[in-house]
Visitor: 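First the structure, which I've put down as C-alpha cells, then a few questions once you've had a look.
These figures come from a predicted structure and were not determined experimentally. Just so we're on the same page: letters track the sequence lines, and every chain starts at 1.
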Amino acid sequence: MDLAPRLLGAVLTHETDEGRVAVRLAEVEAYGGVGEDPGSHAYRGMTRRNGVMFGEPGHLYAYFTYGMHVCLNLVTGHPGAASAVLLRGGTVVEGLELARSRRPGASDRDLARGPARLGLALGVPLSADGDDLLAAPYSLWLPSAPPVSARGPRTGVSGAGGGADFAWRFWLPDDPGVSAYRRHRRAVG
DNA sequence: CGTGAGATCGCCT
DNA sequence: GGCGATCTCACGT
C-alpha cells in the first residue's frame, strides 16, 4: 500500500504487432493480503483466480469481472504477501491512433479512464495474467520523485465489511485520467 | 452533469 | 444461487 501512490505518474507501455501504446497512470487502488483486507480478492486465501497475487512482485494480476470486463493489477508485495495495486485510470501518452482504434467512439480523455478501459487501450487481454510487467513486451517507467497525490476511499468496493472504509485509493489531483467516482451500487447509507 | 438500470458470467459460499 | 475492484446508454436537470 505504500507503493501505490508511487505508481502515480508512472508510464506503463505495452507493445504488440499493431504497435505500442503507453499510459501515464493517474489513479490506483491498493489491495491487501489474506485476512487483512476484506475488499481484496486475496482476503480468503489463494484461489484459482488470484494465484498470481501470491507470486512475484512486478507481475500482472489480470482478472475477469462483471461478466464482461478485465481489470489489471500490479503485484507489489513479496511472494506470499498477496498485495497488489489496481490500475484504475490514466491518459494515453503514446500510440494515440492505436488506442483510438481499440476503443471506437470513445473520446481521447476516456480512452484509458477507468480500470477496464485502461486494459482495452493498452491491448492487454485476460490471458496476459501472470505476465512480467517489468520485461518486454511491457515497460514500466517510474518518476524519480513521488508525485503530489490525493487519497480517499476505494471505488466499487461494497460497504458492510467489504473494505470500503480503507482509504487506499490514490490519484493525481485534477488529472483528466482520473475516473469518475462511483460508489458501489450496493453501498449502504 | 448526475443518476439509474441492464448486461453477463466466473467465482465463491 | 448471489454478487461483483465496471461500462455504457438513456433520461432528467
Visitor: To the closest 0.5 Å, what do you measure between CE (A/M53) and OG (A/S83)?
Guide: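 Interatomic distance, A/M53 CE to A/S83 OG, rounded to 0.5 Å: 7.0 Å.
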Visitor: Can A/W168 and A/E29 be said to form a side-chain contact (heavy atoms from CB on, under 4.5 Å), step by step?
Guide: CA-CA 6 Å; A/W168 285 2; A/E29 274 176 10; 5.8 Å; no
Visitor: Taking atom types as they are modelled, is there a donor-acceptor pair under 3.5 Å from the base of B/dA7 to the side chain of A/Y66?
Guide: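 Looking at the base of B/dA7, it does not pair with any donor or acceptor on the side chain of A/Y66 (distance under 3.5 Å).
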Visitor: Do A/T13 and A/Y138 have side chains that approach each other closer than 4.5 Å (heavy atoms only, starting at C-beta)?
Guide: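 A side-chain contact under 4.5 Å is absent here.
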Visitor: Hydrophobic cluster mates of A/V93, side-chain heavy atoms under 4.5 angstrom, ILVMFWY only, any path?
Guide: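 When side chains under 4.5 Å apart are linked, the cluster holding A/V93 also contains A/V11, A/W141.
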Visitor: Could you check how far CZ of A/R169 sits from P of C/dT6, rounded to whole Å?
Guide: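 Rounding to the nearest Å, CZ of A/R169 and P of C/dT6 are 11 Å apart.
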Visitor: What is the separation between atom CG on A/D110 and atom P on B/dC1, rounded to the nearest whole Å?
Guide: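 It is 11 Å, rounded to the nearest whole Å.
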Visitor: Report the distance from atom OG1 of A/T76 to atom CG of A/L7, rounding to the nearest 0.5 Å.
Guide: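 So the OG1 of A/T76 and the CG of A/L7 are separated by 8.0 Å.
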Visitor: May I have the distance from A/L86 (atom CG) to C/dT6 (atom P), rounded to whole angstrom?
Guide: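 Between P of C/dT6 and CG of A/L86: 7 Å.
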Visitor: What is the separation between atom NE2 on A/H69 and atom P on B/dG10, rounded to the nearest whole Å?
Guide: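 Between P of B/dG10 and NE2 of A/H69: 15 Å.
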Visitor: Are A/R117 and C/dT8 close enough that a side-chain N or O sits under 4.0 Å from OP1 or OP2?
Guide: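 Yes, such a contact exists.
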Visitor: So A/G156, base contact, sugar-phosphate only, or nothing? Heavy-atom distance under 4.0 Å.
Guide: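 Here A/G156 touches the backbone only, sparing every base.
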Visitor: Round to a whole Å and report the spacing from CE of A/M68 to P of C/dC9.
Guide: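 Answer to the nearest Å: 13 Å.
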Visitor: Hey, where does DNA chain C pair up into stems, meaning at least three consecutive Watson-Crick or G-U pairs with distances under 3.5 Å?
Guide: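 So far as stems of 3 or more pairs are concerned, DNA chain C shows B:1-7 with C:6-12, B:9-12 with C:1-4.
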Visitor: Search all heavy atoms of A/A106 against all heavy atoms of A/L111 and return the closest pair with its distance.
Guide: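 For A/A106 and A/L111, the tightest heavy-atom pair comes out as CB-CD2, 4.2 Å.
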Visitor: Rounded off to whole Å, could you give me the CG-to-C1' distance for the A/L120 and C/dC7 pair?
Guide: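 It is 10 Å, rounded to the nearest whole Å.
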Visitor: Tabulate atom names and distances for all N/O pairs under 3.5 angstrom spanning the protein and nucleotides 11-13 of chain B.
Guide:
from, atom 1, to, atom 2, distance (Å)
B/dC12, OP1, A/T47, OG1, 2.3
B/dT13, OP1, A/R44, NE, 2.9

Visitor: Ignoring the backbone of A/C71, work out which of C/dC7, B/dA7, C/dT6 is nearest its side chain.
Guide: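 For the A/C71 side chain, the nearest candidate turns out to be C/dT6.
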Visitor: Are there more than 12 heavy atoms of other residues, nucleotides or ligands under 6.0 Å from atom CZ of A/R20?
Guide: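 At most 12 heavy atoms, drawn from other residues, nucleotides or ligands, come within 6.0 Å of this atom.
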Visitor: What nucleic acid atoms does A/R103 come within less than 4.0 Å of, heavy atoms only: base, sugar-phosphate, or nothing?
Guide: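 Answer is sugar-phosphate: A/R103 comes under 4.0 Å of backbone atoms only.
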Visitor: Taking side chain as C-beta onward, heavy atoms only, is A/Y63 less than 4.5 Å from A/V52?
Guide: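 The answer is no; the side chains never approach within 4.5 Å.
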Visitor: When rounded to the nearest 0.5 angstrom, what distance separates NE2 in A/H59 from CG in A/D129?
Guide: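 Between atom NE2 of A/H59 and atom CG of A/D129 there are 11.5 Å.
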Visitor: Can you tell me the distance, in whole Å, between the CG atom of A/L126 and the C1' atom of B/dC9?
Guide: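 Distance, rounded to whole Å: 12 Å.
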